[in-house]
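Each chain gets a letter, A, B and so on, in the order the sequences are listed, and its residues count up from 1.
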Amino acid sequence: MLALTGLVGCSLVEYSPNQTHLPTAERGLTTQTLALLQQMPRAATADTVRFVFVGDTQRFYDETEQFVASVNRQRAIDFVFVGGDISDFGLLREFRWVHQRLQQLRVPYLTVVGNHDLVGNGRAIYQSIYGPLNYTFQYGGTKFICLDTNGREYGFGAQVPDVAWLRQQLQDTTGSQRAVVLSHVPPTDEDFDPALIPTYTAALRGCSRLVFHLSGHVHRYTAGQPFRDGVTYLTTYSLAKHRYHIISLWGQRQFRLETVTYGPDA
Amino acid sequence: MTEPDTLARPATPDSLITRSTGLEPLDKKPWYRPRHVVLQTGGGIGMVAAGVGYSLGKDKNELDILVGYVPTKYAGSSLTIATAKYTYSPFVLPVGERWQIRPLTVGGYLSYTHGTVNDEEKGQYAKGYYWFSTDTRVGPVLGSRLAYRRRTPAGQPRNVAFYYELGSNDLYILSYVQNRKALSVGDILTLSLGLKADF
């Protein structure tokens with residue numbers, strides 16, 4: 001029996017759909033990707049950072065393949081950022097199905113955790129396959145701050161998002177010209193902990209280098225300054241919409257947003 | 001010392017037979033007594049799952065009740081999984097004196113997982129926020145079984161069987177149905193390996 005349980009390595013003998021057990025090569029992808037990204041020269045000219053932003057790959061595997069094919073035809077892309085809800089049911093196989101497709105991208109991809117990724121044992125699975133729920137990285141003069149804003153998954157309770165951590169990250173932008181915050185649930189959504197909206201938005205308002213706040217979750221493009229405080233909030237499409245954004249950042253807080261339509265109907 | 005109760009109660013015919021021959025009479029087990037014990041790994045219901053089972057309808061139908069366990073190391077939290085599995089094996093082929101094959105076993109299971117990290121607390125979500133259950137899974141199984149035929153001195157069967165079952169679950173099947181190009185049947189299959197022993 002013990003020898004037979006060793007078969008879990010081939011993943012067919014599954015102990016639970018909620019299990020976290022992964023081949024070593026598929027663990028800690030965020031750290032692996034960031035190491036790779038630091039070695040890559042920027043794809044665009046001058047001081048421009050250019051990346052693909054898309055949300056919610058959850059249960060859209062056919063569409064994810066079309067998305068990868070489309071992004072691979074783009075030129076001058078530094079990386080792809082997936083704005084959470086990588087999985088739909090928080091199951092290990094779903095994460096792996098998405099990763100198997102996204103690793104076909106010619107550029108590295110990074111993620112932030114979504115509410116569906118925290119269902120069941122999803123949190124432990126996300127931490128195992130990608131890494132920390134809150135993390136930052138610097139690339140092309142830009143500090144990218146990625147954090148878990150899925151308050152409802154923790155029963156609210158003013159714990160998530162970690163506003164103190166966010167404030168600290170926004171204050172310490174040494175070596176960066178500008179900052180971008182990426183999360184899954186935007187503070188305008190009812191799944192964001194209402195008790196933390198004032199401090200969260202104040203932290204963003206207090207950072208003069210902040211370009212904007214990017215989110216997924218709502219599966220559609222929205223843009224505006226909902227708190228009327230000069231801070232821009234953008235949301236992007238889900239994979240089901242057959243659309244994604246290409247975001248270019250340059251100068252101090254300059255940006256350009258391009259929308260790409262792909263797939264059979266494009 | 002004698003016990004008045006024992007003295008007062010007349011011996012039943014069954015207990016007379018048992019006492020005189022030392023054997024259990026065939027087919028006289030109470031209905032609630034399980035026929036076999038089960039030990040399984042995989043199939044989404046535990047690293048190790050153990051339980052008991054009942055045979056119905058000339059031993060071709062079986063209902064197994066299992067409790068499975070997955071340690072924290074493999075799941076991020078320690079999971080306890082309760083499962084009811086019903087299988088039907090229409091063909092029983094003898095192989096020599098000692099062996100027996102059931103080439104086809106079809107069935108289904110329902111499992112409930114306790115101990116997940118995010119255990120849907122009351123009031124956490126509005127009704128229907130997540131339309132699926134994170135803890136209850138249902139799925140089909142398809143497999144085969146090889147049994148070694150043993151008998152008690154009185155001639156009652158006490159087979160020991162090895163089985164495998166390929167299975168899946170509701171959420172995997174749904175993922176496949178909606179992504180027929182990207183996913184294959186192999187992507188959504190699980191394998192379980194197990195032993196069943198009559199007792």
Q.
For chain A, which candidate among Asp187(B), Leu166(B), Ile188(B), Asp119(B) shows the most heavy-atom pairs at distances under 4.5 Å?
A. Asp187(B)
Q. Looking at Ser77(B) and Asn121(A), what are the two nearest heavy atoms and their distance?
A. OG-ND2, 3.1 Å
(Q) If we define contacts as heavy-atom pairs under 4.5 Å, which of Arg96(A), Gln127(A), His116(A) has the most with chain B? (A) His116(A)
Q. Any side-chain heavy atom of Leu174(B) within less than 4.5 Å of one from Arg59(A)?
A. yes
(Q) Is any side-chain heavy atom of Asn179(B) closer than 4.5 Å to one of Glu63(A)? (A) yes
Q. In terms of heavy-atom contacts, does CZ of Phe91(B) have more than 12 from other residues, nucleotides or ligands at under 6.0 Å?
A. no
Q: Measure Leu189(B) against the heavy atoms of chain A and call it side chain, backbone, both or neither at under 4.5 Å.
A: both
Q. Is any side-chain heavy atom of Thr190(B) closer than 4.5 Å to a side-chain heavy atom of Arg93(A)?
A. yes
Q) Looking at OH of Tyr15(A) and OG of Ser192(B), how far apart are the two atoms once the value is rounded to the nearest 0.5 Å? A) 12.5 Å
Q | Toward chain A, the part of Leu79(B) with a non-hydrogen atom under 4.5 Å | A | side chain
Q) Where on Glu153(A) is there a heavy atom nearer than 4.5 Å to chain B: the side chain, the backbone, both, or neither? A) both
**Q.** For chain A, the option from Gly76(B), Gly44(B), Gly186(B) that forms the most heavy-atom pairs under 4.5 Å
**A.** Gly44(B)
Q | Any side-chain donor near an acceptor of the partner, Glu94(A) and Tyr172(B), under 3.5 Å | A | no
Q. Checking heavy atoms, do the side chain of Phe156(A), its backbone, both or neither come under 4.5 Å from chain B?
A. neither
(Q) Heavy-atom cut-off 4.5 Å, strictly under: side chain, backbone, both or neither for Tyr69(B) against chain A? (A) neither
Q | Side-chain donor or acceptor of Arg101(A) paired with backbone N/O of Ala182(B) under 3.5 Å | A | yes
Q | Other residues, nucleotides, ligands: >12 heavy atoms within 6.0 Å of Trp131(B) CH2 | A | yes
(Q) Within the 4.5 Å heavy-atom criterion, are Asn169(B) and Pro17(A) side-chain neighbours or not? (A) yes
Q. Quick one: what part of Arg137(B) sits under 4.5 Å from any heavy atom of chain A, side chain, backbone, both or neither?
A. side chain
Q. Which of the residues Ser128(A), Gly122(A), Gly120(A), Ala124(A) is involved in the greatest number of heavy-atom pairs with chain B at under 4.5 angstrom?
A. Gly120(A)
Q: Over 60° means perpendicular and under 30° means parallel, so classify the ring planes of Phe89(A) and Phe132(B), tilted if in between.
A: perpendicular
Q: Taking all heavy atoms of Asn118(B) and all of Val119(A), pick out the closest pair and write down the distance.
A: ND2-CA, 4.1 Å
(Q) Between Arg152(A) and Gln124(B) (side chain of the first, backbone of the second, donor and acceptor by atom type, cut-off under 3.5 Å), is there such a pair? (A) yes
**Q.** Side chains of Asn115(A) and Tyr130(B), donor plus acceptor under 3.5 Å
**A.** yes
**Q.** Chi angles and distances behind the side-chain contact (heavy atoms from CB on, under 4.5 Å) call for Tyr74(B), Ser16(A)
**A.** CA-CA 9 Å; Tyr74(B) 290 92; Ser16(A) 160; over 6 Å; no
(Q) Distance check, rounded to the nearest 0.5 Å: Asp88(A) atom CG versus Gln178(B) atom CD? (A) 8.5 Å
**Q.** Whether over 12 other heavy atoms sit under 6.0 Å from Arg151(B) CZ
**A.** yes
(Q) At a 4.5 Å cut-off on heavy atoms, which part of Leu91(A) comes close to chain B: side chain, backbone, both, or neither? (A) side chain
